[in-house]
Visitor: 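Here it is, the structure in full.
Numbered from 1 within each chain, the chains take letters A, B, ... in sequence-line order. What you are looking at is a predicted structure, and each value in this text was computed from that prediction instead of being measured.
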Number of protein chains: 2
Amino acid sequence: MSINPNVAVVASLLGETSRSTMLTSLMDGRFHTASELAFMSEITPQTASFHLSKLVEGNLINVEKHGRHRYYQLANKEVAHLIETFLSISPPPEVRSLKQSNQVKLLQEARTCYDHLAGKLGVTLTDSMLNSNYLEKEDRVFIVTPKGEQFFTDFGIDLTELKKKRRSFSHVCLDWSERHYHLGGALGNGLLTHFFEMNWIVHIPSIRAVKVTDSGKEGFKQFFNINI
Amino acid sequence: MSINPNVAVVASLLGETSRSTMLTSLMDGRFHTASELAFMSEITPQTASFHLSKLVEGNLINVEKHGRHRYYQLANKEVAHLIETFLSISPPPEVRSLKQSNQVKLLQEARTCYDHLAGKLGVTLTDSMLNSNYLEKEDRVFIVTPKGEQFFTDFGIDLTELKKKRRSFSHVCLDWSERHYHLGGALGNGLLTHFFEMNWIVHIPSIRAVKVTDSGKEGFKQFFNINI
DNA sequence: TTTATATTTCGATTATAGTCGAAGTATAGA
DNA sequence: TCTATACTTCGACTATAATCGAAATATAAA
């Protein structure tokens, strides 16, 4: 029977890898569904459900039910601030072997973040589209300019089709390893899918890293002025 | 293989009750020995040793070896700030029964903190001694005034004896439930011991709370002008 | 209505962290 | 030198948290 505030109660919620991954994913300030969070932290929906109810119980996140989806969000700014403090003092992922060290390098270079492109390639690509005035950043979303509409259509992306999808069309996604944002949402996913279709990038087995192929190098240079 | 900073590594160190109690105890900014910290978190020295090495490993605390003692301290201001953030958002200890609720009330009223008096009584007593000019607060220690030396001697405390002890003579101890400081160190312990000897206070079994006896009520009124 | 998808609940398994007793090392003090 | 104290290491035990398969529930889509 102690009398001090129980620090361990909240801290233990953050002290588990799956939960801390979920919370870090929620640091973009957006709503995420249970399945998204499960996928991002590489656990089954059952386990995610288990963790999410703990986080709700502990007042670290809120949930809104819409149809069969549950939308989760960080509970308040204090929680976001707490996680930010942790992110700033926490060590980068442990590297115990040459293999892991190489994997980290590959992941830093180019990887998928949920269902769009992240890592240095993701950031560079987003910057390129901003510089070319295909996109304009507005707070937490990216707006496709008229010039951009033309470009994406020519490039082979069906914007009308993407807009139909019942999900965020185009939003800013924060990347805590690069400490910079990149393009997410349906458009981010559309581009990623198209890069795979055109064989510009290929999956690297067992991790989320992707590798730019020779034709990809040409393509990124020609269409986005990116040298890889 | 993730790429984000590993929040869970640090958080899990805080997410265990014994360790968070130790860290909270270290929030007074002073050095504490392994045995002190073991006692405060109510675990054996072996278990404390186990936890303390984890905390050192995780760069949350520092250790200095002097003779057969190990002196532990929070590693830096960032750590202190982190724990402070947690203390401010953490819930008070869980109360699951009427019995526990009563225990919390008793602990709030008067209890021992390591080896001196804390709770409302500890704070009131310290305030009284400051108001009567027996003590003067200077940063993190209390200075005994000439008037205070006279008082403590008359009261039956052997200051010369207490000063001989190889420990802090008189320091400020922070109390996170009262959010206020009180007297700790050899003098704090000397007073506590004397209160027990004179039967002003008695232990309440199984918790660290103490109860003021009838003669204690008279005594505190007469010597310290405290109404209980 | 039927089928597919999102999520939760239940039950069982597994891994591991916290715990302490026993024994060891190091230092202080007599 | 001997004894007491402070602390650590080792080994074993235990409780519990994270995990997932299977199955249930709720909603959307066809």
Side-chain angles (χ1 to χ4, degrees), chain A residues 2 6-23 25-26 31-58 60-73 94 114-115 164-167, chain B residues 2 6-23 25-26 31-58 60-73 94 114-115 164-167:
Chain A
S2 163
N6 199 337
V7 169
V9 171
V10 176
S12 64
L13 289 172
L14 289 156
E16 197 279 326
T17 315
S18 304
R19 283 196 293 265
S20 73
T21 305
M22 289 178 162
L23 289 167
S25 305
L26 288 166
F31 283 98
H32 290 271
T33 66
S35 341
E36 275 173 25
L37 294 166
F39 179 79
M40 294 195 228
S41 43
E42 302 181 85
I43 49 178
T44 59
Q46 306 95 288
T47 309
S49 175
F50 165 79
H51 287 307
L52 288 166
S53 33
K54 285 204 168 189
L55 292 173
V56 171
E57 173 88 11
L60 293 182
I61 61 176
N62 290 327
V63 60
E64 277 181 30
K65 195 180 169 188
H66 285 128
R68 55 185 165 175
H69 295 273
R70 306 282 163 103
Y71 291 92
Y72 292 93
Q73 198 185 33
E94 240 179 295
Y114 185 43
D115 66 354
K164 276 188 202 156
K165 300 199 176 178
R166 279 179 305 164
R167 60 176 292 193
Chain B
S2 162
N6 199 339
V7 168
V9 171
V10 177
S12 64
L13 289 173
L14 289 156
E16 198 279 327
T17 314
S18 304
R19 282 196 295 264
S20 73
T21 304
M22 289 177 161
L23 290 167
S25 304
L26 288 166
F31 282 99
H32 290 271
T33 65
S35 342
E36 275 172 25
L37 293 166
F39 179 78
M40 295 197 228
S41 43
E42 303 181 88
I43 49 177
T44 59
Q46 305 95 289
T47 309
S49 176
F50 165 78
H51 287 307
L52 287 166
S53 33
K54 285 204 167 189
L55 291 173
V56 171
E57 173 87 12
L60 293 183
I61 61 176
N62 290 327
V63 60
E64 277 182 30
K65 195 179 170 187
H66 285 127
R68 56 185 166 173
H69 294 273
R70 307 282 162 103
Y71 292 92
Y72 292 93
Q73 199 186 34
E94 240 179 294
Y114 186 44
D115 66 354
K164 275 188 201 157
K165 299 197 177 180
R166 278 179 305 166
R167 60 176 292 193

Visitor: Spell out yes or no: do the side chain of Gln46(A) and the base of dG21(D) have one donor N/O and one acceptor N/O closer than 3.5 Å?
Guide: yes

Visitor: Whole Å only: how far is the CZ atom of Phe50(A) from the C1' atom of dG21(D)?
Guide: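 One finds 16 Å between C1' of dG21(D) and CZ of Phe50(A), rounded.
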
Visitor: Give the rounded distance in Å between these two atoms: CD of Glu57(A) and P of dT8(C).
Guide: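 After rounding, the reported distance stands at 14 Å.
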
Visitor: Just the rounded figure in Å: distance from P of dA17(D) to CD1 of Ile43(A).
Guide: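 About 16 Å, once rounded to whole Å.
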
Visitor: Atom CZ of Phe39(A) and atom P of dA6(C): how far apart are they, to the nearest Å?
Guide: 13 Å

Visitor: Quick check for you: among dT19(D), dT8(C), dT8(D), whose closest atom lies nearest to any side-chain atom of Arg70(B)?
Guide: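 Side chain of Arg70(B) sits closest to dT8(D).
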
Visitor: For Arg19(A) and dA17(D), is the shortest distance between a side-chain N/O and OP1 or OP2 below 4.0 Å?
Guide: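 For Arg19(A), the contact criterion (side-chain N or O under 4.0 Å from OP1 or OP2 of dA17(D)) is not met.
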
Visitor: Which of these nucleotides, dT19(C), dG18(C), dT8(C), is closest to any side-chain atom of Ala34(A)?
Guide: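 Given the options dT19(C), dG18(C), dT8(C), the side chain of Ala34(A) is closest to dT8(C).
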
Visitor: Of the nucleotides dT19(C), dA18(D), dT8(C), which one has an atom closest to the side chain of Pro45(A)?
Guide: dT8(C)

Visitor: Please check this pair: side chain of Arg70(A) against backbone of Ala34(A), looking for a donor-acceptor N/O pair closer than 3.5 Å.
Guide: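 Answer holds: no.
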
Visitor: Heavy atoms only, 4.0 Å cut-off, all strands: where does Ser53(A) land among base, sugar-phosphate and nothing?
Guide: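 Ser53(A): no heavy atom of the nucleic acid under 4.0 Å.
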
Visitor: How long is the line joining CG of Leu14(B) and P of dG18(C), in whole Å?
Guide: 12 Å

Visitor: Working to the nearest 0.5 Å, report the span between OG of Ser18(B) and CG of Leu55(B).
Guide: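 Taking OG in Ser18(B) and CG in Leu55(B), the distance rounds to 10.5 Å.
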
Visitor: Atom CZ of Arg167(A) and atom P of dA28(D): how far apart are they, to the nearest Å?
Guide: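 Going from CZ in Arg167(A) over to P in dA28(D) covers 19 Å.
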
Visitor: Tell me which of Ser12(A) and His69(B) sits closer to the 5' end of DNA chain D, going by the nucleotide each one is nearest to.
Guide: His69(B)

Visitor: Nearest heavy atom decides the nucleotide; on that basis, is Tyr72(B) or Arg68(A) closer to the 5' end of DNA chain D?
Guide: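 Per heavy-atom nearest nucleotide, the more 5' residue is Tyr72(B).
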
Visitor: Would you mind reading off the distance between Glu16(A) atom CD and dT16(C) atom C1', rounded to a whole angstrom?
Guide: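 Between C1' of dT16(C) and CD of Glu16(A): 13 Å.
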
Visitor: Compare the minimum distances between each of dT8(D), dT8(C), dT19(C) and the side chain of His51(B), then state the nucleotide with the smallest one.
Guide: dT19(C)

Visitor: Could you check Leu52(A) against Thr44(B) and say which one's nearest nucleotide on DNA chain C is further toward the 5' end?
Guide: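 So the residue in question is Leu52(A).
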
Visitor: When all nucleic acid strands are considered with a 4.0 Å heavy-atom cut-off, which category describes Tyr71(A): base, sugar-phosphate, or nothing?
Guide: nothing

Visitor: Roughly how many Å is it from NZ in Lys54(A) to C1' in dT9(C), rounded to a whole number?
Guide: 15 Å

Visitor: Indicate yes or no: at least one non-hydrogen side-chain atom of Leu23(B) is less than 4.5 angstrom from one of Ile61(B).
Guide: yes

Visitor: Parallel, tilted or perpendicular: which one describes the rings of Tyr71(A) and His66(A), with boundaries at 30° and 60°?
Guide: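 Judged by the thresholds at 30° and 60°, the geometry between Tyr71(A) and His66(A) is tilted.
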
Visitor: Lys65(A) has a side chain; which of dA18(D), dT27(D), dT19(C) sits nearest to it?
Guide: dT27(D)

Visitor: Is there a donor-acceptor contact under 3.5 Å from the side chain of Ser49(A) to the main chain of Pro45(A)?
Guide: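 Checked: no pair found.
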
Visitor: Does Arg19(A) use its side chain to pair, donor to acceptor, with the backbone of Ala8(B) at less than 3.5 Å?
Guide: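 No: the side chain of Arg19(A) does not pair with the backbone of Ala8(B).
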
Visitor: Could you please name the option among dT8(C), dT19(D), dT19(C) that lies closest to any side-chain atom of Thr47(B)?
Guide: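 From the listed options, dT19(C) comes nearest.
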
